[in-house]
Student: 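My questions all concern the structure below.
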Amino acid sequence: VEGWHLFVNRLLRAGRHIVITGSNARLLTSDLATHLTGRHIPVEILPFSYAEYCKWIEHNTDEDWRHYFFNGGLPETFAMVDQRGYVSALYNSILSKDILGRHKVRNARRFIDAAYVIMKQFSREIAYDSLAERAGVSSAHTMQVYLGYLAESYLVSLVRKYSHKPAERIRNDKLYLNDPAFISYFTGVMGSEEELGWRLENIVFLELLRRRYEEDTEIFYYK
């Protein structure tokens, strides 16, 4: 609805408390910051954690952990046979609606190919120059922009390096995907021992991300 923020601001001036939800494509945090400057508190809802998944299915076994480890916590998939088909449709919808359509990306094919390369780098440091070269992107700056689009649409999270020196904090980010289901979509359900370690690290990061809101902390990686 065009002009929704004018109505919400009027209600706020009247002393009302408003809860606003919406799809990523039309109601990102940046939109709220623009329309409701200083008058909103964003609350990010993540897919289920393993504890939440166990509460939902009402038991906790080794097989349940294996299922979560590879299939993730997207609630819609719990009763589905074709989980991969759902994750594929969700991923492609986010790319087309929340990123390509929203940001008017000129070379859609190049962005889609770059996103594929990016998503396979989960739990690893990002060197923008080398990543741009691998993805066939013109510059490290363009790769940073693409990564920003993926983070804004809640497909990935970027974590900065812990250091007392500000210049080192912004040198190399580390990349994580926002649900294990996306990892399986890009790597399959099997992998090397190293890949399983990266997957576990990604799950640990997501748990820290959930706790960040409860404990008011920041997350860095240390090397």
Student: Do Leu100 and Val156 sit in the same hydrophobic cluster, where Ile, Leu, Val, Met, Phe, Trp and Tyr count as joined when their side-chain heavy atoms come under 4.5 Å apart?
Tutor: yes

Student: Which value, rounded to the nearest 0.5 Å, describes the distance between Glu44 atom CD and Ser157 atom OG?
Tutor: 8.0 Å

Student: Check for me whether the distance between the ring centres of Tyr68 and Phe48 falls short of 6.0 Å.
Tutor: no

Student: Would you check if the side chain of Ser93 reaches a backbone N or O of Ala89 as a donor-acceptor pair within less than 3.5 Å?
Tutor: no

Student: Verify the neighbour count for atom CZ of Arg210: are there more than 12 heavy atoms of other residues, nucleotides or ligands below 6.0 Å?
Tutor: yes

Student: Taking atom SG of Cys54 and atom NE2 of His67, what is their separation to the nearest 0.5 Å?
Tutor: 11.5 Å

Student: Is NZ or CZ of Arg160 both nearer than 6.0 Å to the six-membered ring centre of Tyr162 and within 45° of the ring axis?
Tutor: no

Student: Is it true that the NZ or CZ of Lys120 lies under 6.0 Å from the centre of Phe186's six-membered ring and within 45 degrees of the ring axis?
Tutor: no

Student: Okay, side chain of Glu207, backbone of Val204: is any donor-acceptor separation there less than 3.5 Å?
Tutor: no

Student: Following the transitive rule for hydrophobic clusters with a side-chain heavy-atom cut-off under 4.5 Å over Ile, Leu, Val, Met, Phe, Trp and Tyr, establish whether Leu209 and Leu175 coincide in one cluster.
Tutor: no

Student: Is it true that Leu95 and Val145 fall in one hydrophobic cluster, defined by side-chain heavy atoms closer than 4.5 Å?
Tutor: yes

Student: Among Leu200, Leu206, Asn202, Asn71, which residue meets the side chain to side chain contact (heavy atoms under 4.5 Å, CB included) test with Pro180?
Tutor: Leu206

Student: Determine, step by step, whether Ile57 and Asp64 satisfy the side chain to side chain contact (heavy atoms under 4.5 Å, CB included) criterion, reporting the C-alpha distance in whole Å, the side-chain angles of both residues, the deciding distance to 0.1 Å, and the verdict.
Tutor: CA-CA 9 Å; Ile57 61 176; Asp64 295 328; 3.6 Å; yes

Student: Whether the Tyr53 and Asn60 side chains hold a donor-acceptor pair (N or O, under 3.5 Å, no angle test) is what I'd like checked.
Tutor: no

Student: Take a 6.0 Å sphere around CG of Asp82 and say whether it holds more than 12 heavy atoms from other residues, nucleotides or ligands.
Tutor: yes

Student: With a 4.5 Å cut-off on side-chain heavy atoms, are Leu158 and Leu147 touching?
Tutor: yes

Student: Give a yes or no on this: more than 12 heavy atoms of other residues, nucleotides or ligands lie within 6.0 Å of atom CZ of Phe220.
Tutor: yes

Student: Got more than 12 heavy atoms from elsewhere within 6.0 Å of OH, Tyr116?
Tutor: no

Student: Locate the shortest heavy-atom distance separating Gln83 from Thr77; write the atom from each residue and the value.
Tutor: NE2-O, 2.9 Å

Student: Looking at every non-hydrogen atom in both residues, tell me the closest pair between Leu90 and Leu74 and how far apart they are.
Tutor: CD2-CD1, 4.1 Å

Student: Roughly how far, to the nearest 0.5 Å, is the CG atom of Leu11 from the CZ atom of Arg16?
Tutor: 7.0 Å

Student: Closer than 4.0 angstrom, basic N to acidic O: yes or no for Asp113 and Arg109?
Tutor: yes

Student: Apply side chain to side chain contact (heavy atoms under 4.5 Å, CB included) to Ile183 and Trp198, showing your working.
Tutor: CA-CA 10 Å; Ile183 298 176; Trp198 289 332; over 6 Å; no

Student: So how far is it from Arg134 CZ to Ile118 CD1, rounded to the nearest 0.5 Å?
Tutor: 10.5 Å

Student: Judged by atom type as modelled, is there a donor-acceptor pair below 3.5 Å linking the side chain of Ser88 to the main-chain atoms of Arg84?
Tutor: no

Student: Ignoring hydrogens and angles, tell me if any N or O in the side chain of Asp179 forms a donor-acceptor pair with the backbone of Phe182 under 3.5 Å.
Tutor: no

Student: Go through the steps to decide whether Glu201 and Lys174 satisfy the test salt bridge (charged side-chain N to carboxylate O under 4.0 Å, His left out), and finish with yes or no.
Tutor: CA-CA 11 Å; Glu201 180 182 335; Lys174 206 166 189 181; 2.9 Å; yes

Student: Taking everything shown except Glu133 itself, do over 12 heavy atoms lie less than 6.0 Å from its CD?
Tutor: no

Student: Could you tell me if Arg199 and Ser184 have a donor-acceptor pair between their side chains, going purely by distance under 3.5 Å?
Tutor: yes

Student: Distance from Gln144 atom CD to Asp129 atom CG, nearest 0.5 Å?
Tutor: 9.0 Å

Student: Any side-chain donor paired with an acceptor under 3.5 Å for Glu125 and Tyr221?
Tutor: yes

Student: Consider only side-chain heavy atoms of I, L, V, M, F, W and Y, link residues closer than 4.5 Å, and tell whether Phe70 and Trp56 are in one cluster.
Tutor: yes

Student: Name all residues meeting the ring-ring contact (aromatic ring centres under 6.0 Å, His included) criterion together with Phe111; count only those two or more places apart in sequence or in a different chain, and write none if there are none.
Tutor: Tyr146

Student: What about the rings of Phe205 and Tyr176, do their centers lie closer together than 6.0 Å?
Tutor: yes

Student: How far apart are the closest heavy atoms of Lys223 and Lys161, and which atoms are they?
Tutor: O-CE, 3.8 Å

Student: Apply side chain to side chain contact (heavy atoms under 4.5 Å, CB included) to the pair Tyr154 and Leu46, showing each step before the final yes or no.
Tutor: CA-CA 9 Å; Tyr154 296 103; Leu46 296 170; 5.8 Å; no

Student: Strictly by modelled atom types, are His141 and Tyr128 linked by a side-chain donor-acceptor pair under 3.5 Å?
Tutor: no

Student: Treating Ile, Leu, Val, Met, Phe, Trp and Tyr as nodes and any side-chain heavy-atom pair under 4.5 angstrom as an edge, say whether Phe122 and Ile112 lie in one connected cluster.
Tutor: yes

Student: Measure the spacing between NE2 of His103 and OH of Tyr149 and express it to the nearest 0.5 Å.
Tutor: 5.5 Å

Student: Can you list the steps and then say if Leu155 with Asn178 is a side chain to side chain contact (heavy atoms under 4.5 Å, CB included)?
Tutor: CA-CA 6 Å; Leu155 279 171; Asn178 280 347; 5.8 Å; no

Student: Without swapping roles, check the side chain of Thr142 against the backbone of Ser138 for a donor-acceptor pair under 3.5 Å.
Tutor: no

Student: Among Ile203, Thr217, Ile219, Val159, which one satisfies side chain to side chain contact (heavy atoms under 4.5 Å, CB included) with Leu208?
Tutor: Ile219

Student: Heavy atoms only: give me the nearest Pro47-Gly73 pair and the separation to one decimal.
Tutor: CB-O, 3.4 Å

Student: Looking only at heavy atoms, which two atoms of Met143 and Leu131 are closest? And how far apart?
Tutor: CE-O, 3.6 Å

Student: Between Leu177 and Met119, what is the shortest heavy-atom contact and its length?
Tutor: CD1-O, 3.6 Å

